[in-house]
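Heads up: the structure comes next, in structure tokens.
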Amino acid sequence: MSTPPLDRAADDAALQAHFDATLAAGQRIEPRDWMPEGYRRTLIRQIAQHAHSEIIGMQPEGDWLLAAPSLRRKSVLLAKVQDEAGHGLYLYSAAETLGADRADLTDKLIERRQKYSSIFNYPTLTYADVGVIGWLVDGAAICNQVPLCRSSYGPYARAMIRVCKEESFHQRQGYELLLTMMSGTPEQQAMVADAVDRWWWPSLMMFGPPDADSPNSAQSMAWGIKRHSNDELRQRFVDMTVPQAEVLGVTLPDPELALDPATGRYRFGAIDWSELQRVISGEGPCNDERIARRRAARDDNAWVTEAATAYAAKHAS
Amino acid sequence: MTRGDWPLYEVFVRGKRGLNHVHVGSLHAPDDEMAVHAARDLYTRRNEGVSIWVVRAADITASSPDEKDPMFAPSGDKVYRHPTFYEIPDDVPHI
């Protein structure tokens with residue numbers, strides 16, 4: 001007769017084996033399945049960081065809602081910013097299936113114990129930035145997110161399918177906005193060129209550090225949480241974007257950018273990784289402003305929550 | 001009750017007439033009515049639905065999702081429940 005601890009060890013091994021077999025068969029893991037603690041923890045961190053990015057990502061473009069140049073542009077921008085809120089909520093909802101609590105995740109964001117995408121710590125200086133964010137930032141996000149529709153964790157994959165469907169509108173409205181400006185006055189064309197100069201390199205940094213400096217990637221790939229390496233996704237983005245820049249008639253700010261005839265892919269210049277490190281560690285141009293505004297949204301709007309709660313309590317009795 | 005205590009609702013959307021309601025995700029709301037309103041804003045911004053159900057997650061009784069669960073074993077060996085179990089000559093029409 002075996003002792004209880006041995007039984008537990010045997011049980012754990014059986015559970016792990018079943019989990020591994022499910023992944024190996026290309027099947028999805030669902031919320032009530034047994035999963036290794038590391039898998040759960042890594043997913044919560046990744047999904048929360050992703051959700052935070054959507055929510056913080058409302059701010060740079062939100063700054064232009066009241067200054068949109070026409071009712072059409074304002075309607076489009078409102079719809080886009082509302083989508084970002086929706087994406088954040090889909091993702092928080094996926095994180096909650098893993099046992100996380102959304103209010104707690106928001107607190108962690110505000111206390112800077114969890115991160116969000118470094119890209120949203122840059123300011124939007126002109127209306128051309130709205131277009132460039134749609135084209136480059138959302139374009140990079142799509143590169144990152146399309147493979148996540150096949151994430152091994154069911155609720156995350158399903159959330160990403162919804163997100164990706166909506167993200168396509170984001171990129172196209174941005175590109176169309178830039179096409180319009182590029183057919184405008186020399187001043188408008190200069191605004192686009194300036195915005196592209198400022199957003200190009202940070203967009204490349206969105207894919208994260210180079211593979212050699214991304215120690216957790218191998219485990220995440222084995223778990224089916226991550227499907228392609230940072231460098232591979234970055235390369236795909238560059239290959240996709242260069243022809244789009246040509247149609248637009250803008251010059252990307254990289255003199256080393258050139259098609260490699262042997263591979264059919266674009267070579268590009270060295271990325272300043274110290275900038276990414278600075279921005280991630282809180283020293284980007286807008287880190288403090290972004291967090292302060294998220295904190296204010298939580299605290300200043302608490303009365304709405306309290307009122308809805310009081311109303312529900314009154315009508316329940 | 002704070003925001004963190006708002007119950008979790010599971011949301012089901014009927015995409016169009018003639019289809020079943022399908023689970024689309026979840027949200028927190030203070031009561032049933034607010035849950036329906038929030039579900040509309042969150043899950044049907046692009047005409048994805050003509051009808052919404054919300055149900056408190058705590059009120060759902062579920063089987064284990066594990067495929068090896070004995071719950072589903074009884075149907076595993078009953079191949080005779082499928083039409084392909086029966087061999088019919090090729091020249092028999094409409095069957």
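Proteins get letters first, then strands, A, B, ... in listed order; numbering begins at 1 in each.
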Can you see which heavy atom on A:Ala308 is nearest to which on B:Trp6, and at what distance?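 Residues A:Ala308 and B:Trp6, closest heavy atoms: CB-CZ2, 4.0 Å.
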Out of [options], which one pairs with [X] under the side chain to side chain contact (heavy atoms under 4.5 Å, CB included) rule?
X       : options                    : value
A:Met58 : A:Asp63, A:Val81, A:Leu65  : A:Val81
A:Tyr92 : A:Ile55, A:Asp101, A:Ile47 : A:Ile55
A:Leu43 : A:Ile29, A:Leu98, A:Thr97  : A:Leu98

Who among B:Ser26, B:Gly25, B:Ala62 has the most heavy-atom pairs with chain A under 4.5 Å?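 Of the candidates given, the most pairs with chain A belong to B:Ser26.
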With a 4.5 Å cut-off on heavy-atom pairs, point out which of B:Leu8, B:Leu27, B:Asp31 contacts chain A the most.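 When all of B:Leu8, B:Leu27, B:Asp31 are compared, B:Asp31 has the most.
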Could you please spell out the steps behind the side chain to side chain contact (heavy atoms under 4.5 Å, CB included) verdict for A:Gln171 and A:Trp135? CA-CA 5 Å; A:Gln171 194 188 20; A:Trp135 174 38; 4.2 Å; yes
Identify which of A:Gln82, A:Arg158, A:Arg162 forms the greatest number of heavy-atom pairs closer than 4.5 Å to chain B.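 If we count pairs closer than 4.5 Å to chain B, A:Arg162 comes out on top.
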In terms of heavy-atom pairs under 4.5 Å, which option from A:Glu166, A:Lys165, A:His315 contacts chain B the most?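 Highest number of heavy-atom pairs under 4.5 Å: A:Glu166.
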Approximate separation, where rounding is to 0.5 Å, of A:Asn144 CG and A:Cys164 SG: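 Result: 10.0 Å between the selected atoms.
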Checking A:Phe19 against chain B: side chain, backbone, both or neither under 4.5 Å from a heavy atom?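 No part of A:Phe19 comes within 4.5 Å of chain B.
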Need one label for A:Asp83: side chain, backbone, both or neither, based on atoms under 4.5 Å from any heavy atom in chain B.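 Its backbone and side chain both get close to chain B.
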Under the criterion side-chain hydrogen bond (donor to acceptor under 3.5 Å, both in side chains), which of A:Gln114, A:Arg113, A:Lys108 is the partner of A:Glu111?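 The residue from A:Gln114, A:Arg113, A:Lys108 that satisfies side-chain hydrogen bond (donor to acceptor under 3.5 Å, both in side chains) with A:Glu111 turns out to be A:Arg113.
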Inter-chain contacts: residues 46-59 of chain B against chain A, heavy atoms under 4.5 Å: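 Under the 4.5 Å heavy-atom cut-off, B:Arg46, B:Glu48 qualify.
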Do A:His50 and A:Tyr116 have a side chain donor and acceptor closer than 3.5 Å?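 Note: A:His50 and A:Tyr116 side chains miss the donor-acceptor criterion.
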Is the closest side-chain heavy-atom distance between A:Gln16 and A:Pro36 below 4.5 Å?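 Result yes, sub-4.5 Å side-chain heavy-atom pair found.
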B:Leu42, part contacting chain A, at a heavy-atom distance under 4.5 Å: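 Its backbone and side chain both get close to chain A.
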